There are 2 protein chains.
Amino acid sequence: MSKDALPGLTLCNNAMLRRAARKLGQYYDDVLAPSGLKATQQGLLYQIHIGNEPAMGAIAASMIMDLSALGHTLKPLIRDGYVETFADPDDRRIKRVRLTPQGLVKLDEAMKLWHVAQRRFEDVVGRDKAERLRAALDDIAAHDFDLPPAS
Amino acid sequence: MSKDALPGLTLCNNAMLRRAARKLGQYYDDVLAPSGLKATQQGLLYQIHIGNEPAMGAIAASMIMDLSALGHTLKPLIRDGYVETFADPDDRRIKRVRLTPQGLVKLDEAMKLWHVAQRRFEDVVGRDKAERLRAALDDIAAHDFDLPPAS
DNA sequence: TCTGAATAGTGGTATATGCCACTAAATGAA
DNA sequence: TTCATTTAGTGGCATATACCACTATTCAGA
């Protein structure tokens, strides 16, 4: 119905991506709500967990996120005692990140809810289709769209 | 390469969607930068333009965006003189939105840049693949993931 | 060794987005 | 008509995310 009234919206790759991200974000956030974490936070805690005390720059690169944005996003998690940072002894420019014990407990709790959300999503959309979608999204993330420098 | 170090990231539908959205958002924003608009703003101006003086609620619904979020996003566009609002005479709860003449000029300018971004995206990714992706994203946006009420 | 360039983060500012509590307006039932 | 309910937006607050200017470190040459 809404699509009839929106001839052009569905043509923009970026707009469609953002729209789907809002939708899915609200859904995953809903399911994760009992843990007190947003889906973005659960995802970040998980990245930190599976990394080996990753440097901030490494996290930002793998998530294709601006380094300063990562810093901002980390703040509430540090404030709440879920993660802590420490300087790399071999290169003091580098700041590494790890979960605190409470952070690990919270992540465990959130992951249980994440599994619920993930499973229901794949039940509704279909496992194959979900997998193809993730592959397509990974593909996009890997491409280089930079403008060829005019020189 | 980054994927090797990230066994789990690529499994979460929501995380992958957000990651691709960050990547693509940065790209479209880059291309649109000369207009002074962000891709989100260009998309919103376009929605307003193709709507028939749409009500805020109608815009929010079609974009799957929270109504208050829409209100916030609209503010800089109103401040900069690109859009204006007015109460619906038949129902004064309803606030309708339209482009100003300057807004229309700005949208024209931004759409030219949008075409460049869109075309290059489809050159890199492939037109068919892009279309399938948009269809999949539209599909996700249309699904209902609500938890069945426990009753 | 000294110094200029490159690297890693921080802080400020601005937009993007969501939730909640609240107000105003319209509606429907008694 | 009157009042409880529903509908449409607003404003405050919090997180998400980006860019820019700036600082601290490291590194590569001269």
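Since this is a predicted model, take the numbers as computed values, not measurements.
Separating the CG atom of Asp29(A) from the C1' atom of dA16(D) is a distance of 11 Å, rounded to the nearest angstrom. Distance OH (Tyr28(A)) to C1' (dT15(D)): 20 Å, rounded to an integer number of Å. Atom P of nucleotide dA16(D) and atom CG of Leu44(A) are separated by 8 Å, given to the nearest angstrom. As rounded to whole Å, 15 Å separates atom C1' of dG9(C) from atom CZ of Phe86(A). As rounded to whole Å, 13 Å separates atom P of dG18(C) from atom CG of Leu24(A). Rounding to whole angstrom units, CZ of residue Arg93(B) and P of dA25(C) are separated by 10 Å. Going from atom CG of Asp66(A) over to atom C1' of dT7(C) covers 15 Å, rounded to whole Å. In this structure, Leu77(A) places its CG atom 9 Å from P of dT15(D), rounding to the nearest Å.
Which of dA16(C), dT15(D), dG9(D) sits closest to the side chain of Ala55(B) comes down to dG9(D). Taking every side-chain heavy atom of Ser68(A) into account, dC20(D) is the closest of dG11(D), dC20(D), dT17(D). Considering only the side chain of Lys75(B), dG11(D) comes nearest among dT15(C), dG11(C), dG11(D). Candidate nucleotides dG18(C), dA25(C), dT17(D) were compared by shortest atom distance to the side chain of Met65(B), and dG18(C) ranks first. Side-chain proximity of Ala69(B) to dG18(C), dG9(C), dA24(D): nearest is dG18(C). Of the listed nucleotides (dG9(D), dT15(D), dA6(C)), dT15(D) has the atom at the smallest distance from the side chain of Arg79(A). For Thr40(A), the side-chain atoms get nearest to dT17(D) when compared with the rest of dT6(D), dA18(D), dT17(D). For Arg18(A), taking side-chain heavy atoms from C-beta onward, the closest of the listed nucleotides dA16(D), dT17(D), dA16(C) is dA16(C).
Distance alone, capped at 3.5 Å, is enough to place a donor-acceptor pair between the Thr100(B) side chain and the Gly81(B) backbone. Proximity of a side-chain donor or acceptor of Lys106(A) to a complementary backbone N or O of Ser35(A) within less than 3.5 Å is detected.
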* Run the numbers on Val97(A) and Met56(A) for side chain to side chain contact (heavy atoms under 4.5 Å, CB included), then give the verdict. => CA-CA 7 Å; Val97(A) 189; Met56(A) 289 190 55; 3.7 Å; yes
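For the residue pair Gln118(A) / Tyr28(A), a side-chain donor-acceptor distance below 3.5 Å is found, with atom types taken as modelled.
Of the side-chain N and O atoms in Arg22(B), one or more sit less than 4.0 angstrom from OP1 or OP2 of dT17(D). A sub-4.0 Å separation between OP1 or OP2 of dG18(C) and a side-chain N or O of Gln26(A) is present. Put simply, Arg92(A) has no side-chain N or O that comes within less than 4.0 Å of OP1 or OP2 on dA24(D). The side chain of Arg19(B) contributes no N or O atom lying less than 4.0 Å from OP1 or OP2 of dA16(D).
For a distance-only test at 3.5 Å, the side chain of His72(A) qualifies as a donor-acceptor partner of the base of dG12(C).
A residue-by-residue look at Met56(B) and Leu74(A) shows that Met56(B) has its nearest nucleotide of DNA chain D further toward the 5' end. Of the two residues near DNA chain C, Asp80(B) and Ala58(A), the one whose nearest nucleotide lies more 5' is Ala58(A). Sequence order on DNA chain D of the closest nucleotides to Ile94(B) and Lys23(B) puts Ile94(B) first from the 5' end.
A cation-pi arrangement is present between Arg98(A) and Phe86(A), with the terminal nitrogen or guanidinium carbon under 6.0 Å from the aromatic centre and inside a 45° cone about the axis.
Across all strands, Leu67(B) comes closer than 4.0 Å to base atoms (heavy-atom distances). As judged by a 4.0 angstrom heavy-atom cut-off over every strand, Asp91(B) is placed among residues touching the sugar-phosphate backbone only.
Within the 4.5 Å cutoff, the side chain of Arg19(A) has no heavy atoms near those of the Leu137(B) side chain.
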